[in-house]
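Input: a single structure, listed below in structure tokens.
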Amino acid sequence: MEQTCSERSESIRIPAKSLGELALPKFCPRCFWIKLHCNYKLPYQIFPGIFSSIDSYTKKITNMHFEQHERVPDWFSGFGVLGKPVKIPHHSKFSIVDPDTNILLTGVPDEILYSPNGSYFIIDYKTAKFTGTQDQLLPMYEVQLNSYAYIGERVGFKPVSGLGLLYYEPQTGISVDQIDSFILDDGFTMHFSGKLLPIKLKPDNIPQLLKRVREIYELSQVPNGVEGCKDCQLLDTLLSIAGGDTANR
Ligand code: SF4
């Protein structure tokens, strides 16, 4: 009897956003291979907590607005008629194992809205300046959202009828005559302006990307990096300095 991939190959876990790296114009197979083999635990990775605080605040705004007014805030309306926010499953529940590649694809969407027509709309929030389709990371976000659609339809959120990015752009341009409206007794407020970008629904591309992940993972040697990458040159310098010091460790 023929073995399935899950019987013959080591399992791999990949977050939806990391799968999206494959779509970036500056994709580096070397970086990707290293991250896959280190299970995304790399040194010198410090993620500022402020972004997860803003993320969680943003979700509260949507949910509490719905609780108060039984509709999502007005700035969502460019996405069409959206229904109510649903509880986002824990990442251990919002995942699938692809049987062809034995890859566990995971992710946690920022928002899933259940539409009156019985379908689901998935949104991811970005705290960043809105540049429309000029965002260099857009190809990665497109795959990330389509991965959520691919997973969602397999774990109970079927059908997914649409995807979108919602950029919350910090409004940093203020003038003297506005200053009092930003000042509180114990600090100040900052306004975030919501900008929408609908994303094309094409989850059928995901299995092909997972196959590519498996191919890169199975390479017996780390592949070459992007030519001229300054980070790799810095790493070489670091290794040559550290190499002289390993005897003292
Ligand atoms: S070339 Fe750049 S992107 Fe590629 S492995 Fe080196 S540091 Fe990473």
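Each ligand, and each atom within it, is numbered from 1 in the order the structure gives.
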Is the number of heavy atoms from other residues, nucleotides or ligands under 6.0 Å of Y40 OH greater than 12?
yes
Report the member of V226, D231, N224, V222 with the shortest heavy-atom distance to atom 7 (S) of ligand 1.
D231
Out of G225, C229, C28, C232, the nearest non-hydrogen contact to atom 2 (Fe) of ligand 1 is supplied by C229
Is any side-chain heavy atom of V213 closer than 4.5 Å to one of T101?
no
Would you please test E218 and R214 for salt bridge (Lys or Arg N to Asp or Glu O under 4.0 Å) and show each step?
CA-CA 6 Å; E218 295 300 336; R214 174 56 74 185; 2.5 Å; yes
At a threshold of 2.8 Å, where the distance has to be below it, does atom 6 (Fe) of ligand 1 have an N, O or S atom of C31 nearby?
no
Could you go through the salt bridge (Lys or Arg N to Asp or Glu O under 4.0 Å) check for K126 and D124 one step at a time?
CA-CA 7 Å; K126 303 292 173 198; D124 214 51; 2.9 Å; yes
